[in-house]
*Asks:* 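Okay, here's the structure, questions in a sec.
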Amino acid sequence: MAQKPTIPKGTRDFSPIEMARRNFIFDTIKDVFQIYGFQQIETPAMENLTTLMGKYGEEGDKLLFKILNSGDFLSMVDPSELNQFNSSRLTTKIAEKGLRYDLTVPFARYVVQNQNDIVFPFRRYQIQPVWRADRPQKGRYREFYQCDVDIIGSCSLLNEVELIQIIDNIYKNLGVRVTIKINNRKILAGIAETIGELDRIVDITVAIDKLDKIGILKVNEELNLKGVSAEAIRKLQPILSLTGSNIEKLDQIEQVIKDSETGVKGIAEMRTIFNYLTLIDIESEIELDLTLARGLNYYTGAIFEVKSRHVEIGSITGGGRYDDLTGIFGMSGVSGVGISFGADRIYDVMLQLDLFPKNTTSAASILFINFGDKEEKYCLPIVADLRAKGIRTEIYPDQDKMKKQMNYANRKGIKFVALAGESEISQGMITLKNMDTGEQMLLKPDQLSSVLKE
RNA sequence: GUGGAUGUAGCUCAGGGGUUAGAGCACUGGAUUGUGGUUCCAGGGGUCGUGGGUUCAAUUCCCAUCUUCCACCCCA
C-alpha cells in the first residue's frame, strides 16, 4: 500500500462546505471593517527572523516556525559550533526567515517601511493566516487566520470606542452573543506600583489573570511563590474582589491606586471610553475585568478580549493599545490600537451553535445531463447563456449513465437538472427537473433563467 | 516542556492469544438500457502504526518508539 498522506499537526484542509462557511465569516468581518473606512493590506507569510524575534516574549520565540536557509545551510557554520549542539545559537545561523506569528508585528514593520506613503492616522485591516508552533488542542491550531484591524498614528480614545463598536457589529451580524472584556495596562501598572511591586507586574498580572480559573486562594499562593511580599498581597485583596457596575469598580480601584500617576491615568482613560459608550447602542455585554492581562508585552493602554457567552473556547477576539510598537523598528512616538478576530475559533463557535445560514453552499444551481455528442452540442450554448445571466451552471462532462449523473446532482445538492435528449431537441425544448420535489416541466431554453431565479 | 488517551479497509469504528479479521458509509456492477434520494443483491479494497519481547502460536499480552487527540502552560 502506498504511504498514507497526512498534513502537519495542527493544520487542516477545508472542504467546499467549510470554505463556504468560512467565507461567510470573512465576508461579514470584511464588510464591517470597510464600513468603518479601513483599507486592506497583506504582508508576506514569512518575515526575517530579526523582525519577529523578541517581540512576543520568551515563549513567543519558541513558538516561531523557522525556515531553513536555502542551499547548503550548514556551509556557513563553524564545525566547532555544530559540536556544541546549541540549537538556539545555531538557529540564528541556519535560519534567517520565519513564518509570521501574528499580523501586528508585520504591520508595524510595514508602517515603518512605508511611512512616507502612508496617510496617518492609518486605518488598515488584514486577513491572513498566522503560524504558531504550539501544541494543538481544542480551538488551538498551528495555522489559523487572524482578521486584524488597527489604527496607527492616533492616541484618541475614540479609536478604542470604534473598535468596540466594530466588535459589537460583527458579532451581531454573525449572530454570536459575546462578552467584551476590557482592562487597561496602566491600571495594572498602577496596582503593581501601589503595592510596591512595580517590577513584578508581569508575575502579578499573570497570577490575577487566573483568578476566575483557580480562585483567590490559589492566586495568593502563586503570588507568594513568585516572591511577592505578604504586605503587597494583602493590599491586593480589595482589587481581586471588586463588585458592582463597571463605573463602581473603577471608583473602588481608584481609591486603592490614587497615588499612582500611571494608574490614575488608566482610570481616566477607562472613564472616557465608558462615557463614549453611553452615547451609542452596544448590544454586547461590556465588562471591566481587572483579571484580564493578555500575554503580549507590547500593550500599554486599553486591552480587549472577547468571549462567546455560550461556548467555552478561550478568547475569539483580542487586542489593545500599544504606544510604541514601531519604536523597535526605529520609528518612535507612534501610538496604535487594534484588535484581532480569530476566524477559526469563531467558526468553531458558530458550528457548535448551528449559526451558519442553511443556504451557504457554493454548489451550482443547475446541472445539464450529458446524453451524448449531439446533446452536448445542443446544451452548450444554453449553458453559456445561463452563465452569462449569472446562474451557477454545470454540464456533466462525461457521457455516463443517467443514474450516475442524477446521483451526482443529488449528492452535490444541485437543485435543478436539465434534460435534453432526442425528443427535447426535436422540439427545441429543455426538460427541467426540480430535485427537491421531483417535478418536471418542459421549457423553452430562454425560459430557464427566470424559473431558476425564483 | 509535563501528564492522560489513541492508532484495525478510503472514512467512522467494532472485535479478539489459535484456520480465511468484521460492520456502516464511500466506490464499482446489477435488479432499473431517459430519471436521483429509499430498498435489495454482488464485487474490489487490510503490513491490524513501527520495532522488540513473552509464547508452540501475537493483529490481540508486555516494553519501547512514533502518530494523532485531550489537559496544563500560553494564546486567537
Side-chain angles (χ1 to χ4, degrees), chain A residues 1-13 15 25 29 56-63 100-104 127-148 167 178 202 205-207 209-210 213-214 222 292-297 303-308 312-320 338-349 367 369-372 375 396 399-425 430-440:
Chain A
M1 191 178 65
Q3 185 197 340
K4 259 192 206 173
T6 55
I7 52 175
K9 193 204 294 248
T11 64
R12 294 144 307 149
D13 290 323
S15 61
I25 294 174
I29 289 174
Y56 309 105
E58 222 174 291
E59 277 297 309
D61 283 356
K62 279 192 226 156
L63 298 181
R100 73 165 100 77
Y101 177 92
D102 72 354
L103 300 180
T104 307
I127 298 176
Q128 289 189 275
V130 303
W131 294 269
R132 295 182 189 178
D134 229 349
R135 271 272 172 84
Q137 48 186 284
K138 201 168 203 65
R140 167 164 318 182
Y141 307 103
R142 290 184 135 182
E143 177 185 61
F144 60 95
Y145 273 71
Q146 291 195 324
C147 313
D148 272 35
I167 293 169
V178 296
V202 174
T205 53
V206 165
D209 185 36
K210 294 178 190 163
K213 244 187 214 169
I214 62 176
E222 179 164 333
L292 175 61
R294 296 197 57 79
L296 294 175
N297 43 20
I303 42 188
F304 308 101
E305 192 163 291
V306 179
K307 296 197 116 182
S308 159
E312 193 53 52
I313 198 169
S315 67
I316 50 180
T317 294
I339 47 172
S340 178
F341 291 78
D344 304 79
R345 283 185 179 175
I346 294 172
Y347 181 97
D348 292 344
V349 167
L367 172 76
I369 298 293
N370 190 331
F371 284 112
E375 291 85 349
Y396 197 88
Q399 295 165 16
D400 282 341
K401 287 203 296 200
M402 192 159 169
K403 177 181 170 124
K404 194 174 172 187
Q405 300 192 37
M406 296 294 280
N407 199 34
Y408 173 84
N410 200 51
R411 294 274 313 265
K412 280 188 80 177
I414 297 173
K415 194 177 168 191
F416 289 99
V417 165
L419 301 142
E422 226 171 297
S423 70
E424 284 89 352
I425 293 176
I430 290 279
T431 295
L432 183 69
K433 175 174 176 124
N434 182 322
M435 295 295 277
D436 293 341
T437 63
E439 218 179 330
Q440 292 191 188

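All chains are named by letter (A, B, ...) in the order of the sequence lines, taking the proteins before the strands, and each is independently numbered beginning at 1. Nothing here was measured: the structure is a model prediction, and the numbers come from that model.
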*Asks:* Both distances below 3.5 Å, Watson-Crick or wobble geometry, any strand: find the nucleotide opposite B:A58.
*Replies:* none
*Asks:* Rounded to the Å, how far apart are A:Arg12 CZ and B:A76 C1'?
*Replies:* 11 Å
*Asks:* Given atom CG of A:Asp134 and atom P of B:U68, what is their separation to the nearest angstrom?
*Replies:* 14 Å
*Asks:* Answer yes or no: does atom CD of A:Gln399 have more than 12 heavy-atom neighbours from other residues, nucleotides or ligands under 6.0 Å?
*Replies:* yes
*Asks:* Separation of A:Asp344 atom CG from B:A76 atom P, in whole Å?
*Replies:* 13 Å
*Asks:* Can you check the distance between B:G10 and B:C27, where both ends of the measurement are the P atom (answer in whole Å)?
*Replies:* 15 Å
*Asks:* Taking side chain as C-beta onward, heavy atoms only, is A:Ile127 less than 4.5 Å from A:Phe341?
*Replies:* no
*Asks:* Find the distance A:Asp13:CG to B:C11:P and express it as a whole number of Å.
*Replies:* 13 Å
*Asks:* Which nucleotide, if any, forms a Watson-Crick or G-U wobble pair with B:C72, using both distances under 3.5 Å?
*Replies:* B:G1
*Asks:* On a whole-Å scale, what distance lies between the P atoms belonging to B:G29 and B:G36?
*Replies:* 15 Å
*Asks:* In the strands shown, is B:U20 matched to any nucleotide by a Watson-Crick or G-U wobble pair with both distances under 3.5 Å, and which?
*Replies:* none
*Asks:* Is A:Val417 close to A:Met406 at the side-chain level, that is, under 4.5 Å between some pair of heavy atoms?
*Replies:* yes
*Asks:* Give me the distance, rounded to whole Å, that separates B:A23 from B:C40 when you measure between the P atoms they each carry.
*Replies:* 15 Å
*Asks:* B:A76 P sits how many Å from A:Leu103 CG, rounded?
*Replies:* 11 Å
*Asks:* For A:Phe341 and A:Thr11, take the nucleotide of RNA chain B holding the closest heavy atom to each; which residue's nucleotide lies nearer the 5' end?
*Replies:* A:Thr11
*Asks:* Do A:Leu367 and A:Lys412 come close enough that some side-chain heavy atom pair is under 4.5 Å?
*Replies:* no
*Asks:* According to the Watson-Crick and G-U wobble definitions, with both distances under 3.5 Å, which nucleotide is paired to B:A42?
*Replies:* B:U28
*Asks:* Is the ring of A:Phe144 stacked on the base of B:A76, with centres less than 5.5 Å apart and planes under 30° off?
*Replies:* yes
*Asks:* Taking all non-hydrogen atoms of both residues into account, name the closest pair between A:Lys433 and A:Gly438 and its distance.
*Replies:* NZ-O, 4.1 Å
*Asks:* Please measure how far the P atom in B:U47 lies from the corresponding atom in B:G22, and state the result in whole Å.
*Replies:* 15 Å
*Asks:* Kindly write out the residues that satisfy ring pair (Phe, Tyr, Trp, His ring centres under 6.0 Å) with A:Tyr408, not counting sequence neighbours, or none if the list is empty.
*Replies:* A:Tyr396
*Asks:* Rounded to whole Å, please give me the gap between CZ in A:Phe304 and P in B:A76.
*Replies:* 14 Å
*Asks:* Tell whether A:Arg135 reaches the base of B:U2 with its side chain through a donor-acceptor pair below 3.5 angstrom.
*Replies:* yes
*Asks:* Short question: side chain of A:Arg132, backbone of A:Tyr141 - any donor-acceptor pair under 3.5 Å?
*Replies:* no
*Asks:* Using the C1' atom as the reference point in each nucleotide, state the distance between B:U50 and B:C66 in Å, no decimals.
*Replies:* 7 Å
*Asks:* Rounded at 0.5 Å granularity, tell me how far CD1 in A:Ile7 sits from CZ in A:Arg142.
*Replies:* 12.0 Å
*Asks:* Paired with B:A64: which nucleotide, if any, by Watson-Crick or G-U wobble criteria at under 3.5 Å for both distances?
*Replies:* B:U50
*Asks:* Closer to the 5' end of RNA chain B via nearest nucleotide, is it A:Pro136 or A:Arg345?
*Replies:* A:Pro136
*Asks:* Pick the C1' atom in B:A26 and in B:C13, then give their distance to the nearest Å.
*Replies:* 15 Å
*Asks:* How many Å lie between CG on A:Leu63 and P on B:C74, as a whole number?
*Replies:* 12 Å
*Asks:* For nucleotides 25-36 of chain B, give me one character per nucleotide, 5' to 3': B if any protein heavy atom sits under 4.0 Å from the base, S if the only such contacts are to the sugar-phosphate, - if neither.
*Replies:* -SSS-SB--BBB
*Asks:* Looking only at atom C1', what distance separates B:C25 and B:G44, rounded to whole Å?
*Replies:* 16 Å
*Asks:* Under 3.5 Å for both donor-acceptor distances, Watson-Crick or wobble: does B:U6 have a partner, and if so which one?
*Replies:* none
*Asks:* On a whole-Å scale, what distance lies between the P atoms belonging to B:C72 and B:A57?
*Replies:* 46 Å
*Asks:* Checking side-chain polar atoms at under 3.5 Å, does A:Glu143 have a donor or acceptor matched by the opposite partner on A:Thr11?
*Replies:* no
*Asks:* I need the CD1-P distance between A:Ile303 and B:A76, as an integer number of Å.
*Replies:* 11 Å
*Asks:* If the cut-off is 4.0 Å, is A:Gln146 near the phosphate of B:A76, judged by side-chain N/O to OP1 or OP2?
*Replies:* no
